[in-house]
Structures are given as structure tokens and as C-alpha cells.
Peer 1: 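Below you will find the structure I want to go over with you.
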2 protein chains.
Amino acid sequence: MTDFFSPYWHPAVATDVALFTLRQGELHLLCVKRRDDGKWALPGGFMQQGESLDQCAARELKEEAGIEVPYLNHFANYSEPDRDPREQVISIAYLAIHPSGKLRLKADTDVSDVNWFDVRDLPSLAFDHNKIAADAQKHLTGLMERKPEIAFAFLPASFTLSELQQTFEAIAGDKYAPHNKRNFRLWTERFGGIGLVVETGDLRTGAHRPAKLYAPNPKLF
Amino acid sequence: MTDFFSPYWHPAVATDVALFTLRQGELHLLCVKRRDDGKWALPGGFMQQGESLDQCAARELKEEAGIEVPYLNHFANYSEPDRDPREQVISIAYLAIHPSGKLRLKADTDVSDVNWFDVRDLPSLAFDHNKIAADAQKHLTGLMERKPEIAFAFLPASFTLSELQQTFEAIAGDKYAPHNKRNFRLWTERFGGIGLVVETGDLRTGAHRPAKLYAPNPKLF
DNA sequence: CCAAAAGTGTTGATCCTACACCCATGT
DNA sequence: ACATGGGTGTAGGATCAACACTTTTGG
């Protein structure tokens with residue numbers, strides 16, 4: 001289909017993805033190194049004809065980092081006319097979550113490197129990507145309090161309650177910490193009147209009492 | 001600035017605005033009648049070079065309906081390739097609130113009519129605008145529970161507590177209704193540890209005991 | 001005096017915070 | 001036996017739903 005009728009200006013449209021994961025209990029963000037100018041940036045790229053924005057974001061993540069994620073959702077737009085000095089580019093920003101820091105790095109044609117960075121120590125990113133990353137983290141924190149189920153996206157299919165609690169603490173901060181452990185467990189039991197998690201029946205062993213393994217409560221979905 | 005470097009496809013980008021107000025205690029949505037095809041639609045239109053998306057949404061609202069609003073924020077994107085049969089158009093959807101149904105109708109070149117519709121009885125709208133409107137209403141309900149301050153955008157500068165409560169009931173449904181009045185008032189007092197509203201000192205008279213007038217608590221902003 | 005809407009007191013249930021305590025395993 | 005993390009009981013305070021009640025105006 002061609003732009004047969006359009007007397008209107010068409011801007012460039014790109015998706016940018018803030019992909020978070022936990023590594024050693026700390027929140028990390030995925031960045032790619034642009035072959036263009038050698039700068040670190042959020043993964044992402046220009047939209048192609050015939051795809052939706054969601055598809056574009058998923059495609060770019062796959063191309064630039066060889067990665068597919070269980071959570072990928074739009075959270076904000078960035079459209080200031082001068083945010084890209086070359087021409088006006090609308091950035092559709094996505095928040096994504098990956099369960100483990102293990103990813104097979106894959107550099108495609110536009111990208112010479114891929115890496116995780118601790119969110120408290122990000123490099124200087126291209127364009128307004130530092131702001132996008134900060135907004136994404138703030139959005140993630142709010143989402144965590146509103147829809148705690150997304151915590152599961154950070155974890156494997158089964159996990160201990162301590163791991164779940166550490167996930168909440170790493171992202172939503174001390175909200176879930178003060179005299180907890182007891183209270184966190186009570187909260188998961190009461191959650192939604194139905195329980196946030198269910199026991200799998202399996203145990204994880206270690207140099208201490210074995211821990212019960214849990215999975216997301218399927219009745220929540 | 002011209003698109004000197006862009007080997008990329010550029011889609012058409014438009015903003016669409018779901019503007020809500022209360023009339024006789026019921027939630028209403030603003031629609032415009034397109035001169036093009038005679039269909040009702042959400043107000044909105046194509047982005048112009050040099051403006052941001054926020055500016056575009058505000059401009060279209062002003063042009064098509066002669067209206068400026070206290071609340072106007074992005075809430076979702078719509079980008080399915082076939083949502084507009086003419087060419088692929090990305091719609092950036094905004095949620096807006098206007099305090100009273102009194103607006104000076106203004107038909108510009110693209111629009112032959114403007115009107116409020118009860119949200120429970122919307123006409124068939126152009127493109128996917130019925131879905132956008134439904135999503136906007138759902139978003140509004142959630143926002144109301146998360147950030148009750150936005151209720152003020154539906155009201156004039158001062159109001160009675162009953163009016164405030166009716167606003168919540170119209171939008172968030174029975175959540176604020178069951179045996180309330182007493183409980184609603186207690187909730188506003190406790191809100192944020194500081195109170196949702198402050199007394200203005202004025203009264204509103206009627207065929208009953210006069211009601212105290214209130215204003216948004218300025219300490220909340 | 002009565003209709004109508006404004007506005008208040010209070011109780012019992014529920015939820016949450018905080019702290020103290022016990023349990024099962026590997027070394 | 002002891003270090004380590006897993007896992008529970010419960011008292012006291014805060015919060016909230018529910019119901020019954022009093023107050024002030026206009027007509």
C-alpha cells in the first residue's frame with residue numbers, strides 16, 4: 001500500500017525498549033552499542049510497514065539482542081521535535097522484563113555490543129534514552145504495587161518465597177521489607193482473597209532447611 | 001528540517017482524544033462528525049512537523065471543538081496495520097476531562113458537528129474509535145482509584161461533598177457507593193494523611209440544610 | 001411541621017505491624 | 001553442635017463497612 005492520499009507530514013516512528021532483569025538481586029537494564037556513533041542506547045529501531053508497534057518492539061529485541069521476553073508493554077511516548085537532531089522521531093517506549101540475566105549476546109548489523117547495566121550505574125545513553133530509562137524504572141515500581149503478578153516475569157517457572165520477596169524488595173524497595181518475611185508470607189496468602197502463589201510440591205535444598213517451591217496461582221490469570 | 005537521511009518508512013501519525021465530562025450525573029463523551037464520510041468519531045487529527053504529540057492533541061481539540069481542558073494525557077497507542085483502510089495510521093490516544101458540559105460548539109473545516117454522547121449509548125464511530133473509547137473509559141476508572149485527585153477535573157473550582165461523591169460514583173461505580181456518605185466523608189478526611197479537600201468557607205443553599213463548599217487541598221499538588 | 005439533603009457517633013470485623021519464636025538441613 | 005535460612009503464632013493498633021442517628025434549611 002502506498003501513501004496515495006496523504007497531504008500530511010509523516011514523522012519517523014521508532015520503538016525503544018527498556019528491558020529489565022535481576023542479576024545478583026540487583027535491577028539491571030539491557031543496552032546496546034550503536035555501530036553508528038559508538039554510543040550505548042536502548043534497543044529499538046524504526047517501524048516497518050505492515051507491522052504493529054508491539055510487533056516492532058518484539059522484532060527489534062529479537063534482532064538486536066536475540067532475545068524474547070514474557071512481558072513487553074508500551075508505557076510512554078516521546079515526541080519532542082528536537083529529541084533526535086537528524087529529524088523528528090517519535091519514540092514509542094516499551095517496558096520489558098526478562099527472567100534471568102542469561103542471554104546469548106547477538107550483535108546484528110546496527111549493533112556492535114549488548115550488555116546489562118546496573119540501573120544505579122547507567123552509562124550516558126544516546127538521545128533522551130537516560131530519561132526514558134528513568135521513566136521506565138519509575139513505571140515498573142508503580143506497576144509492581146498495582147499488579148504484583150508481573151513479579152513472576154522476573155522469575156523462573158518455580159521459585160521459593162524468599163526469591164519472590166527479594167524480587168519485590170529489589171524493585172519496590174523497602175515497601176516490602178521492614179519487619180517482613182512473616183508479613184510478606186501472610187500477604188501472599190491473602191492476595192486477591194485467593195493467594196498469589198500455589199505450592200508445586202517440590203523442594204529446593206541447600207545448606208539449611210529445604211524451601212518449598214511455588215508457582216504463580218493460575219486462578220489469577 | 002527535511003527527511004534528508006531517512007531510508008526508513010514513515011507512517012502517518014494522528015492523535016485521537018477521548019474527552020469526558022459529566023452531564024446530569026452521567027458520564028458523556030465528546031464526538032465530532034467528520035465532513036469526509038459523515039461518521040461520528042473522536043476528535044483528533046494528523047500530527048504536524050515541529051509539534052509534540054501533546055501539543056497536537058491540544059491543538060486538535062481546540063480546532064475541532066473550540067475547547068481547552070484541565071486534564072489531557074496519553075493513555076494508549078493503536079497501530080494495527082489495517083485500522084484505517086486508506087493507509088497505515090498510528091493513533092496516539094489521549095484521555096481528557098472537561099469540567100462542565102457547557103461548550104461552545106465550533107465546527108472547523110474537517111468537522112460538521114460536535115456533540116456529547118452518553119457513554120452507555122454511543123453511536124457507531126469511525127475506524128476503531130469505539131474500542132478506543134471503551135479502553136479510555138476503563139482507563140479512567142482505574143485512574144480514578146489510583147489518583148482520585150483527577151476527579152477535580154470534572155468539577156468547578158468549588159463544590160459540595162455530595163457533588164464530589166456523585167462524581168466518584170458516576171465513574172468508579174459502586175466502589176464508592178454501598179453504605180456510604182458517612183464513609184466517603186471519612187475517606188476524604190483521611191486521604192493522604194492530609195485530607196483530599198479543604199473548606200472554602202462558603203455555603204451553597206437549597207431547599208434543605210446549606211452545604212459547605214470545598215476546594216482541592218492545595219497541599220496535594 | 002414536614003420533606004430533603006447535610007452532616008455526625010460508634011461498633012464489630014478485618015487487616016497490618018511488629019516481635020518472638022521454632023524447624024530442618026549441610027557441614 | 002551450630003550456622004543458615006525456612007517457616008509459624010499472636011497481641012495491639014489502625015483501618016474500614018455498616019447502621020443509626022441528629023441538624024438545618026425552604027416551603
Side-chain angles (χ1 to χ4, degrees), chain A residues 22 24-26 144-146 148 151 155-156 158-170 172-217 220, chain B residues 22 24-25 144-146 148 151 155-156 158-170 172-215 217 220:
Chain A
L22 287 176
Q24 297 98 241
E26 296 296 338
M144 203 82 171
E145 287 171 15
R146 214 157 67 246
L155 294 167
S158 73
F159 45 82
T160 67
L161 276 186
S162 293
E163 287 166 350
L164 184 61
Q165 183 174 356
Q166 282 158 22
T167 302
F168 279 95
E169 288 178 17
D174 296 346
K175 172 97 201 303
Y176 292 87
H179 292 80
N180 275 332
K181 188 172 77 171
R182 182 67 188 113
N183 295 339
F184 180 79
R185 293 167 115 92
L186 287 174
W187 174 72
T188 63
E189 284 170 23
R190 276 192 306 259
F191 185 85
I194 190 185
L196 184 60
V197 294
V198 294
E199 298 184 14
T200 65
D202 297 326
L203 298 174
R204 168 162 313 158
T205 57
H208 50 76
R209 174 175 174 174
K212 284 182 184 166
L213 286 174
Y214 294 84
N217 187 339
L220 290 172
Chain B
L22 286 176
Q24 297 98 241
M144 204 80 170
E145 288 171 13
R146 212 155 71 243
L155 293 167
S158 73
F159 45 82
T160 69
L161 275 185
S162 291
E163 288 167 349
L164 184 61
Q165 183 174 355
Q166 282 158 22
T167 302
F168 278 95
E169 288 178 15
D174 296 345
K175 171 93 202 302
Y176 292 87
H179 292 81
N180 273 330
K181 189 171 73 170
R182 182 71 188 111
N183 295 337
F184 181 79
R185 293 168 115 90
L186 289 174
W187 175 72
T188 63
E189 284 169 23
R190 278 191 305 256
F191 185 84
I194 191 185
L196 185 60
V197 294
V198 294
E199 296 184 16
T200 65
D202 297 327
L203 298 173
R204 167 163 311 160
T205 58
H208 50 76
R209 174 173 176 175
K212 285 183 183 166
L213 286 174
Y214 294 83
N217 187 338
L220 289 173

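Chain A is the first sequence line, chain B the second, and so forth, proteins listed ahead of strands; every chain is numbered from 1.
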Peer 1: D:dG7 base to A:Lys181 side chain: any donor-acceptor pair below 3.5 Å?
Peer 2: yes
Peer 1: What integer distance in Å separates A:Phe159:CZ from D:dG6:C1'?
Peer 2: 16 Å
Peer 1: Does any N or O in the side chain of A:Asp202 come within less than 3.5 Å of the main-chain N or O of A:Leu213, such that one atom is a donor and the other an acceptor?
Peer 2: no
Peer 1: Is the base of D:dA18 touched by the side chain of B:Asn180 through a donor-acceptor pair closer than 3.5 angstrom?
Peer 2: no
Peer 1: Applying a 4.0 Å non-hydrogen cut-off, can you work out what A:Thr205 is touching in the nucleic acid: base, sugar-phosphate, or nothing?
Peer 2: nothing
Peer 1: Can you measure A:Gln165 atom CD to D:dG5 atom C1' for me and round it to whole angstrom units?
Peer 2: 12 Å
Peer 1: Relative to the 5' end of DNA chain D, which residue comes earlier, A:Tyr214 or B:Pro210, by the nucleotide with the nearest heavy atom?
Peer 2: A:Tyr214
Peer 1: Could you give the CG-to-C1' distance, from B:Asn183 to C:dG7, as a whole number of Å?
Peer 2: 13 Å
Peer 1: Among B:Gln165, B:Glu169, B:Glu189, find the one that has a side chain to side chain contact (heavy atoms under 4.5 Å, CB included) with B:Phe184.
Peer 2: B:Gln165
Peer 1: Mark yes or no for a side-chain to base donor-acceptor pair under 3.5 Å between B:Arg182 and C:dG9, with no hydrogen or angle criteria applied.
Peer 2: yes
Peer 1: Determine the interplanar angle of the A:Phe191 and A:Trp187 rings, folded into 0 to 90°, and report it as parallel if under 30°, tilted if 30 to 60°, perpendicular if over 60°.
Peer 2: perpendicular
Peer 1: Respond yes when some side-chain nitrogen or oxygen of B:Arg190 is under 4.0 Å from OP1 or OP2 of D:dC16, and no when none is.
Peer 2: yes
Peer 1: Of the candidate nucleotides C:dG7, C:dA24, C:dG26, which contains the atom at the shortest distance from the side chain of A:Arg209?
Peer 2: C:dA24
Peer 1: Reckon A:Ser162 touches a base, only the sugar-phosphate, or nothing at all at heavy-atom distances under 4.0 Å?
Peer 2: sugar-phosphate
Peer 1: Between B:Lys212 and B:His208, which residue's closest nucleotide on DNA chain C lies nearer the 5′ terminus?
Peer 2: B:His208
Peer 1: For the side chain of A:Leu186, starting at C-beta, report the closest nucleotide among C:dT10, D:dT10, D:dT8.
Peer 2: D:dT10
Peer 1: In whole angstroms, how far is the P atom of D:dG5 from the CG atom of A:Leu164?
Peer 2: 18 Å
Peer 1: If you round to the nearest 0.5 Å, how far is CG of A:Leu203 from NZ of A:Lys212?
Peer 2: 8.5 Å
Peer 1: If you measure from CZ on B:Phe168 to OG1 on B:Thr188, what distance do you get to the nearest 0.5 Å?
Peer 2: 9.0 Å
Peer 1: I need the CZ-C1' distance between B:Arg185 and D:dA20, as an integer number of Å.
Peer 2: 16 Å
Peer 1: How long is the line joining CG of A:Leu203 and C1' of C:dC23, in whole Å?
Peer 2: 14 Å
Peer 1: Round to a whole Å and report the spacing from CZ of B:Phe184 to P of D:dC16.
Peer 2: 14 Å
Peer 1: What is the separation between atom CD on B:Glu189 and atom C1' on C:dT10, rounded to the nearest whole Å?
Peer 2: 14 Å
